[in-house]
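Data first, discussion second: the structure below is written as structure tokens.
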Amino acid sequence: WTYYVLRGERRQAGESLLCALAPVLAWKLWVNLNGAGLAEIQELRLTLGVEGLGVWLRVAGENFSAALGLWGRSALPWIPAGDGGAAALAAGGVLAAAAGYGLARRLRGAGYDPGLGLLVFGSLLHAVWPYWYERYLPPFLPFLIWGLYLCAERFAGGRRRAPWILAALALAPLPVQGAALLRERAARSRPELARTYSWVRENTPPES
């Protein structure tokens, strides 16, 4: 918003402000109508406000490590054990560095980009947020993938080859990790206690 205002683009600043505030205000209205209030700021203050700078730095390190490890683990062409360890963290670091390089080139060329602003400030927000949920991360993927594309475009010889590199990265984990996910999905479609349910049904009267 500051960027828009400084450039005299007040209409764009207003539209951006409206788009940002509308879902927050709608959420607050819904919560208030149901007899509650927004607790996020209070939770953040109670969790981190009394701990000092050290806990903020620790939380940021843990959150960034978890995010990089998750991205790297999802991109590996094999099924990593546990959280993937050093291999997942290294893969996530390489992907993030490549995306960062591509986005930095974009920033130098364009001067400013709203998508890049969302990625940077959103990353800072989640770096200090003490509640870790993986579901918060998918909205960042389009911008990170865009950064990967810009990096591939720079080093792979232009726009013709860059999509193929991204396609290879996307397809690499599918033969092993994708097949495993499909098997797990098929297994989850059956009740975990199917034999127990069957025994209860056969050995107890209906009124039990």
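All of these numbers come straight from a predicted model, not from anything done at the bench.
When side chains are defined from C-beta on, Leu70 counts as touching Arg73, because their heavy atoms get closer than 4.5 Å. The shortest distance between side-chain heavy atoms of His126 and Phe140 falls below 4.5 Å. Between Leu107 and Leu103, every side-chain heavy-atom pair lies at or beyond the 4.5 Å cut-off.
For the residue pair Ala156 and Ile165, the shortest heavy atom distance occurs at CB-CD1, 3.1 Å. Contact detail for Ala75 and Leu95: the closest heavy-atom pair is CB-CD1, 3.8 Å. Of all heavy-atom pairs spanning Gly69 and Ala88, the tightest one is O-CB, 3.6 Å. Of all heavy-atom pairs between Gly92 and Trp71, the closest is O-CE3, 4.2 Å. Ser123 approaches Phe64 most closely through the heavy-atom pair O-CZ, 3.9 Å. Considering every non-hydrogen atom in both Trp78 and Val176, the closest pair reads CA-CG1, 4.1 Å.
In the model, Gln12 has no side-chain atom that pairs as donor or acceptor with a side-chain atom of Ser16 under 3.5 Å. Using a 3.5 Å distance cut-off with no hydrogens or angles, the side chains of Arg7 and Tyr3 do pair a donor with an acceptor.
Distance check: Leu17 CG to Arg10 CZ gives 14.0 Å after rounding to the nearest 0.5 Å. To the nearest 0.5 Å, the span separating CG on Leu119 from CH2 on Trp146 amounts to 9.5 Å. Note that the CG atom of Leu169 and the CD1 atom of Ile145 stand 10.0 Å from one another [nearest 0.5 Å]. Atoms CZ and OH, on Phe155 and Tyr101 in that order, are 4.0 Å from each other to the nearest 0.5 Å. Distance check: Trp164 CH2 to Leu171 CG gives 10.0 Å after rounding to the nearest 0.5 Å. The structure places CZ of Phe143 at 5.0 Å from CG of Leu118, a figure rounded to the nearest 0.5 Å.
Residue pairs satisfying the salt bridge (charged side-chain N to carboxylate O under 4.0 Å, His left out) criterion with at least one member in residues 147-176, sequence neighbours excluded, are listed as follows: Glu153-Arg159. For residues 90-110, the salt bridge (charged side-chain N to carboxylate O under 4.0 Å, His left out) pairs, not counting sequence neighbours, are Arg106-Asp113.
The backbone N or O of Leu76 lies less than 3.5 Å from a partner atom in the side chain of Gln177, making a donor-acceptor pair.
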